[in-house]
Structure formats: structure tokens, C-alpha cells
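Keep in mind that the numbers below use all heavy atoms, side chains included, and drop hydrogens, waters and symmetry copies.
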Amino acid sequence: MRAVWLREFGGPEVLQPGEAPDPEPGQGQVLIEVAYANITFVETQFRAGGDSPFRVELPVIPGNGVGGTVLATGPGVDPGLVGERVITSLTGSGGYAELAVAAAAGLYRVPAELAMDLAVALLADGRTAAMLLRATEVKPGERVLVEAAAGGVGSLLVQLAVAAGATVVAAAGGAHKTELAASLGAAEVADYTEPGWAQRIAPVDVVLDGVGGEIGRAAFGLLGQGGRMLSYGLASGEWAGIAEETAAGRGATLVSLRPSPELVRASTEQVLAEATAGRLHPVIGQRFPLAEAAAAHTAIAARGTIGKTLLEVK
């Protein structure tokens with residue numbers, strides 16, 4: 001089968017297309033003909049030599065999220081799954097390929113009314129967005145600051161927070177990104193590439209921090225009594241690093257995301273249902289052929305992407 005290999009850590013160019021043996025499903029597994037592979041920011045960090053939440057050793061076929069059609073089932077799996085359209089997470093590798101094996105227990109059926117590319121765009125980012133809103137307990141009428149509001153998670157956070165009745169302040173880098181956030185329902189926008197951007201924003205109740213660093217720290221300064229901040233990403237290269245004592249001094253709370261398997265499944269099913277009903281619209285900003293995975297990683301690293309970046313495999 002066609003695949004993309006990571007044999008050494010480094011820049012995007014270390015992702016090399018090649019061949020790999022066709023995998024076979026084992027006990028409790030299915031074989032998926034991959035139509036789209038999901039690319040996450042964490043994967044670009046791992047490729048560069050950063051930590052991975054999974055135990056992965058080189059050489060490896062990267063990729064943790066895929067969508068496609070079940071081709072075969074392994075022992076202990078209902079053969080009736082063959083032909084089903086599904087999305088699923090893998091175990092940290094194997095996604096950038098024509099075929100992938102996955103645990104049958106981790107599959108999500110894709111409704112016939114929902115396009116496969118949209119379902120894959122929701123796989124990691126959609127459930128993350130849903131869990132972030134649940135963890136911060138966003139209420140109608142609250143002001144919610146969403147950082148990286150034009151990204152894969154951020155663009156969904158904007159929509160979900162608006163649907164929850166919040167007033168969304170969308171912060172992003174560049175006019176084209178703030179314009180996208182406004183089109184998704186943000187009531188206010190801020191370009192955090194401009195000096196003093198946070199000084200022009202009225203206080204907020206919730207900060208959803210996907211950037212960290214100076215931007216995350218500036219956003220924290222907008223919180224007042226009873227405010228909540230959840231840092232879930234470090235697109236800047238570092239966490240915001242707010243101390244618990246500092247938050248307490250402002251009467252604010254630093255919220256942590258502790259996803260259980262049950263919460264992950266419920267959140268994934270929630271966003272799939274919302275998208276199927278036409279109430280949630282994943283933004284797919286970039287698509288690359290499988291063999292151009294390096295170009296996809298380059299685009300993400302350049303911070304010029306919007307929404308989700310997908311590899312088109314089939």
C-alpha cells in the first residue's frame with residue numbers, strides 16, 4: 001500500500017512517501033480503507049522531535065485519525081461492520097496510509113447524511129471543542145474569549161459557544177482569520193499580531209487558551225472575579241504558565257481537561273450529530289494528497305492555515 005514514512009525527526013521534509021505492507025486486522029480489530037487522514041498540531045510537534053502522548057518508535061507511519069470504509073474484520077468482530085463508513089483514532093501511528101487497522105470498539109459510524117471529510121475534520125478537534133466548553137461550564141450571556149479562533153479547534157469553539165448562548169470574542173492572527181471567525185458567529189474579533197490587542201477588549205468570563213505564551217498571558221489578564229481559563233494548546237511553543245496563586249488572586253479559576261473514555265465518546269457523538277443536523281460546520285481550509293504530507297506540515301508550521309488540514313488518501 002502507499003504510505004508516508006517518518007524515519008528520522010526533523011523538518012517537514014523528513015516525511016517521505018513510500019510503500020508499506022498491507023496491514024491485517026487482529027483480534028478485536030478492523031481493516032479500514034482510508035479516504036482521509038486527519039492532521040493535528042501535535043503530530044507536527046512529534047515529527048520535529050517533540051514528545052508524543054503515545055509510545056511511538058521510528059521508523060513509523062505517522063497519523064492518529066482516519067476516516068474511511070471497513071474492508072475486513074478480525075477475530076471477535078462482527079463481520080456486519082464490513083462496508084460501514086467510519087472514523088476513528090488509532091494508537092498514535094498508521095494514519096498516513098491507504099489502509100489502517102483500528103480497534104473495533106473505537107469506531108464511530110458516519111451518518112449517511114454527513115460527508116466523510118467533514119466527519120474526519122470533527123474527529124479530534126470537534127470532541128476537543130465540546131469537552132472544553134463542558135469543562136469551563138460556559139453559560140448563556142457570558143463573554144468567552146477563543147484564541148486561535150480560525151484554527152481547527154477554535155473555529156468549532158466559536159460555533160459551539162455561540163450555540164450555548166455566549167458572546168464570543170475571537171482572537172486570531174491576521175485579518176483573514178478574524179474575518180473567518182466573525183463569519184462563524186463571533187460578536188467581536190481581535191488580531192493578536194497587533195500590539196496591545198488585549199487592551200481593546202472588555203473583560204471576559206472564560207478564556208479558552210490554545211496558544212499559550214504571551215498571548216495566553218495577555219488573555220488571562222482579561223478575566224475578572226469568577227472567571228475561568230482552560231489552557232489546552234501551545235501553538236506559541238510554550239504554555240501560558242499561569243500560577244494557581246496568581247489566578248486565585250484575581251478570583252479566577254484555572255480549569256483542567258480530564259477526558260474519560262466515556263466523555264470522549266459522548267463528545268464525539270455530540271459533534272457528529274450537530275454536524276449531521278447542519279448546526280455545526282467544520283472548516284476544512286487545506287487539503288493535500290497523501291504523498292504531499294510534508295507540504296501539509298509545512299503549511300501548518302507557517303501559521304497560514306485556517307480550519308482543518310486533511311490528507312486526501314483515496
Side-chain angles (χ1 to χ4, degrees), residues 41-42 125-175 177-259 263 267 271 303:
F41 183 70
V42 171
D125 293 349
R127 67 188 178 206
T128 298
M131 290 189 292
L132 291 171
L133 283 188
R134 186 186 299 239
T136 49
E137 299 181 340
V138 170
K139 301 176 182 64
E142 290 191 313
R143 288 173 54 80
V144 177
L145 175 64
V146 177
E147 298 171 14
V153 175
S155 60
L156 295 169
L157 276 173
V158 170
Q159 297 176 66
L160 291 171
V162 169
T167 297
V168 173
V169 181
K177 293 185 177 182
T178 57
E179 289 168 4
L180 171 62
S183 74
L184 295 174
E188 302 173 32
V189 298
D191 182 350
Y192 48 50
T193 64
E194 297 179 353
W197 66 274
Q199 299 170 14
R200 295 186 285 274
I201 299 175
V204 300
D205 301 291
V206 177
V207 170
L208 297 167
D209 171 34
V211 178
E214 289 297 332
I215 290 172
R217 290 187 281 274
F220 169 78
L222 295 170
L223 288 175
Q225 187 72 30
R228 291 94 70 198
M229 178 171 179
L230 201 166
S231 293
Y232 67 92
L234 62 165
S236 65
E238 63 169 326
W239 293 104
I242 307 298
E244 293 280 358
E245 301 78 26
T246 303
R250 297 184 67 92
T253 303
L254 301 180
V255 180
S256 297
L257 185 61
R258 297 184 176 89
L263 178 59
S267 299
V271 293
R303 300 290 194 271

S.K.: Quick one: list whatever passes side-chain hydrogen bond (donor to acceptor under 3.5 Å, both in side chains) with S231, sequence neighbours left out.
M.R.: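 Counting only residues at least two positions away or on another chain, S231 forms a side-chain hydrogen bond (donor to acceptor under 3.5 Å, both in side chains) with D209.
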S.K.: Going from CE on M229 to OG1 on T136, what distance comes out if it is rounded to the nearest 0.5 angstrom?
M.R.: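 With rounding to 0.5 Å, CE (M229) is 12.0 Å from OG1 (T136).
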S.K.: Please confirm whether the backbone N or O of L133 pairs with a side-chain atom of E137, one donor and one acceptor, at under 3.5 Å?
M.R.: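 Side chain of E137 to backbone of L133, a donor-acceptor pair under 3.5 Å: no, none is there.
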S.K.: Looking at R228 and E142, does any basic side-chain N land under 4.0 Å from a carboxylate oxygen?
M.R.: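 E142 and R228: salt-bridged.
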S.K.: Would you please test V206 and R143 for side-chain contact (heavy atoms from CB on, under 4.5 Å) and show each step?
M.R.: CA-CA 7 Å; V206 177; R143 288 173 54 80; over 6 Å; no
S.K.: Atom CG of L223 and atom OG1 of T253: how far apart are they, to the nearest 0.5 Å?
M.R.: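 Rounded to the nearest 0.5 Å, the CG-OG1 separation comes out at 9.5 Å.
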S.K.: Which heavy atom in A190 sits nearest to a heavy atom in T178, and how many Å separate them?
M.R.: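 Taking every non-hydrogen atom into account, O-CG2, 3.6 Å.
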S.K.: Would you say the side chain of E147 lies within less than 4.5 Å of the side chain of V207, judging by non-hydrogen atoms?
M.R.: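 V207 reaches E147 side chain to side chain.
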S.K.: Could you list the donor-acceptor pairs under 3.5 angstrom formed between side-chain atoms of residues 234-245 and any protein atom two or more places apart in sequence or on another chain?
M.R.:
from, atom 1, to, atom 2, distance (Å)
S236, OG, V211, O, 2.8
S236, OG, G213, N, 3.3
S236, OG, E238, N, 3.4
S236, OG, E238, O, 3.1
E238, OE2, R217, NH2, 3.3

S.K.: Look at the side chain of R134 and the backbone N and O of L263, then say whether any donor-acceptor pair between them is shorter than 3.5 Å.
M.R.: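 Flag not set: sc R134 to bb L263 has no pair under 3.5 Å.
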S.K.: Atom CG in L157, atom CG in D125: separation rounded to 0.5 Å?
M.R.: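 The CG atom of D125 is 9.0 Å from CG of L157, to the nearest 0.5 Å.
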S.K.: Please name the pair of heavy atoms, one in A170 and one in A181, separated by the smallest distance, quoted to 0.1 Å.
M.R.: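 For A170 versus A181, the nearest heavy atoms are CB-CB, 3.4 Å.
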S.K.: If you define the side chain from C-beta out and look only at heavy atoms, does anything of Y232 sit under 4.5 Å from L132?
M.R.: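 With C-beta onward as the side chain, the pair touches.
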S.K.: Determine, step by step, whether V271 and L156 satisfy the side-chain contact (heavy atoms from CB on, under 4.5 Å) criterion, reporting the C-alpha distance in whole Å, the side-chain angles of both residues, the deciding distance to 0.1 Å, and the verdict.
M.R.: CA-CA 9 Å; V271 293; L156 295 169; over 6 Å; no
S.K.: What do you reckon, is CZ of R200 surrounded by more than 12 foreign heavy atoms closer than 6.0 Å?
M.R.: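 Yes, because the 6.0 Å sphere around CZ of R200 holds more than 12 heavy atoms from other groups.
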S.K.: Determine whether V146 and V144 satisfy the following criterion, side-chain contact (heavy atoms from CB on, under 4.5 Å), listing intermediate values before the conclusion.
M.R.: CA-CA 6 Å; V146 177; V144 177; 4.1 Å; yes
S.K.: Which atom names give the shortest non-hydrogen contact between A129 and V153, and what distance separates them?
M.R.: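 Where A129 meets V153 most closely, the heavy atoms are CB-O, 4.1 Å.
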S.K.: Report the C-alpha separation of F220 and R250 in whole Å, then their side-chain angles, then the decisive distance to 0.1 Å, and conclude whether the side-chain contact (heavy atoms from CB on, under 4.5 Å) test is met.
M.R.: CA-CA 10 Å; F220 169 78; R250 297 184 67 92; 3.3 Å; yes
S.K.: Distance from Q225 atom CD to D205 atom CG, nearest 0.5 Å?
M.R.: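 The distance works out to 11.5 Å.
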S.K.: Do the non-hydrogen side-chain atoms of P203 and L222 ever get within less than 4.5 Å of each other?
M.R.: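 Contact flag for P203/L222 side chains = no.
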S.K.: If you compare all heavy atoms of A171 against all heavy atoms of L145, which two are closest, and at what distance to 0.1 Å?
M.R.: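 Smallest interatomic distance, heavy atoms only, reads CB-CD1, 4.0 Å.
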